[in-house]
Number of protein chains: 2
Amino acid sequence: MSIQTRRERERADRERLIVTAARELAESEGWDAVTTRRLAAEIEYSQPVLYSHFKGKDAIMAAVAVQGCADLAVELRTAREGASGPRAHLAAVGRAYTAFALRRPAVYDAIFTLPVDLPFATPEAPEPLQAAFGELLRAVTPIAEPGDEPGLLTETYWAGLHGLITLMRSGRLPAREHERRLSLLIAHFTAGHG
Amino acid sequence: MSIQTRRERERADRERLIVTAARELAESEGWDAVTTRRLAAEIEYSQPVLYSHFKGKDAIMAAVAVQGCADLAVELRTAREGASGPRAHLAAVGRAYTAFALRRPAVYDAIFTLPVDLPFATPEAPEPLQAAFGELLRAVTPIAEPGDEPGLLTETYWAGLHGLITLMRSGRLPAREHERRLSLLIAHFTAGHG
DNA sequence: ACCTCGATTCTAGCATCGCTAGCCAATCTG
DNA sequence: CAGATTGGCTAGCGATGCTAGAATCGAGGT
């Protein structure tokens with residue numbers, strides 16, 4: 001079995017190598033620079049090996065998204081734990097979310113904007129995605145009013161954050177006022193929860 | 001002058017032909033189907049004529065965006081005029097906005113999601129864009145609380161709508177509950193303006 | 001009526017993209 | 001050591017956005 005396990009281990013190593021190379025290349029030069037040829041050169045293999053690990057370029061991006069989402073979940077959690085009170089929780093998580101999106105735009109896009117077919121709002125969704133949403137849910141639930149479904153309220157708050165990010169990143173909203181818009185969003189979701 | 005003006009008129013006609021062909025093709029088969037070759041075949045000219053009118057494919061999409069934005073502005077206006085009261089105005093405009101996005105996804109993407117370089121939040125922005133934002137502004141301003149800057153509040157509300165649309169359209173939010181999420185967003189922006 | 005010349009449109013091609021077929025070599029088995 | 005099998009690589013396909021240079025059309029003068 002030793003020979004077989006060594007092969008599988010090397011294969012798994014190379015798969016990680018592909019995903020991290022794709023992420024680093026995307027973070028340093030944008031997703032447009034992540035071509036299959038360029039990525040193959042980066043890992044010092046030929047193009048077709050990519051397709052022996054992943055179904056296609058989309059699958060590689062999906063892997064980057066899942067891995068990056070785990071990072072996001074951690075950052076959301078630590079942000080929430082560093083604040084106290086419902087309103088502070090919501091604000092801290094919202095700021096951590098947008099900070100992540102601005103600091104790592106390529107990863108954020110892989111997770112939330114690029115058309116990569118990952119199951120999202122279903123039980124089959126990858127664990128990191130559910131973890132990240134769970135962190136949002138924990139921050140939003142305490143400010144839900146009676147009759148509000150926490151899940152739906154979380155999705156709505158999330159949409160607000162996502163809209164701010166995407167419109168600003170594409171130049172449709174001026175970046176200068178981002179902080180004030182974010183504060184407005186938080187304020188309107190925490191009305192009456194001083 | 002007659003011959004010159006006729007030429008210019010024909011040229012303008014063909015430019016309109018290009019834009020409408022691009023829009024119709026995008027609306028019926030999606031932007032992926034709008035290749036320069038396909039578009040050239042659709043207007044029964046060869047590829048290079050596209051480049052004698054527009055700098056490139058992006059410029060054609062920008063033209064579709066500007067034209068479509070005029071439609072959006074009209075729909076937002078009629079929605080607002082069909083309602084009475086600050087809360088009803090905000091709700092009507094929000095519903096009209098999302099309805100437009102769902103009914104004409106290709107045009108919506110050209111305006112708000114695809115990376116097309118149009119000046120947005122500046123005085124140089126094309127008039128239809130300013131008109132559409134102005135309609136949102138008119139609906140939001142009445143529910144702004146003292147101290148809130150209407151412009152920023154409008155941008156924040158707009159971001160909420162845009163986030164709901166993009167996350168739902170990409171499958172990241174279940175479409176079934178869209179109406180309830182939209183209602184939640186509106187409710188949180190109209191707290192205290194029954 | 002014809003010819004010239006300038007403007008305009010088309011043919012053909014470039015570089016690059018994601019992806020794949022089929023050869024070739026290295027490695028394991030008997 | 002010979003045969004078989006796994007796995008990577010070379011080469012190429014079809015399609016993309018875009019462009020250079022040939023070809024064609026039409027206006028104006030003689």
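Quick note on labels: first sequence line is chain A, next is B, and so on, each numbered from 1.
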Which whole-number value in Å describes the distance from B:Arg11 CZ to D:dG26 P?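 Going from B:Arg11 (CZ) to D:dG26 (P), I get 17 Å.
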Apply side-chain contact (heavy atoms from CB on, under 4.5 Å) to residues A:Ser183 and A:Arg95 and explain how you reach the verdict. CA-CA 9 Å; A:Ser183 296; A:Arg95 279 176 222 287; 3.8 Å; yes
Between protein and nucleotides 11-17 of chain C, what N or O pairs are separated by less than 3.5 Å?
residue : atom : partner : partner atom : Å
C:dC17  : N4   : A:Arg37 : NH2          : 3.4

Hey, are the side chains of A:Pro86 and A:Thr190 touching, using non-hydrogen atoms and a 4.5 Å cut-off? no
Atom of B:Pro142, atom of B:Arg138 and distance for their closest heavy-atom approach: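 Closest approach of B:Pro142 to B:Arg138: CD-O, 3.1 Å.
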Indicate yes or no: does A:Arg38 engage A:Glu42 in a salt bridge with an N to O separation below 4.0 Å. yes
So for atom CD, which belongs to A:Glu10, do other residues, nucleotides or ligands contribute more than 12 heavy atoms lying within a distance under 6.0 Å?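 Above 12, so yes.
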Does any N or O in the side chain of B:Glu75 come within less than 3.5 Å of the main-chain N or O of B:Ala96, such that one atom is a donor and the other an acceptor? no
Determine the interplanar angle of the A:Phe133 and A:Trp158 rings, folded into 0 to 90°, and report it as parallel if under 30°, tilted if 30 to 60°, perpendicular if over 60°.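 Perpendicular, since the angle between the ring planes exceeds 60°.
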Please tabulate, one pair per line, each protein N/O and nucleotide N/O from nucleotides 22-26 of chain C that are separated by under 3.5 Å, including the distance.
none

Using heavy-atom distances to pick each residue's nearest nucleotide on DNA chain D, tell me which of B:Tyr51 and A:Ser52 is more 5'.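 Residue closer to the 5' terminus by nearest nucleotide: A:Ser52.
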Short side-chain N/O contact from B:Arg14 to OP1 or OP2 of C:dT8, under 4.0 Å: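 The answer is no; no side-chain N or O of B:Arg14 sits under 4.0 Å from OP1 or OP2.
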Under 3.5 Å, is there a donor on one side chain and an acceptor on the other for B:Ser170 and B:Arg172? yes
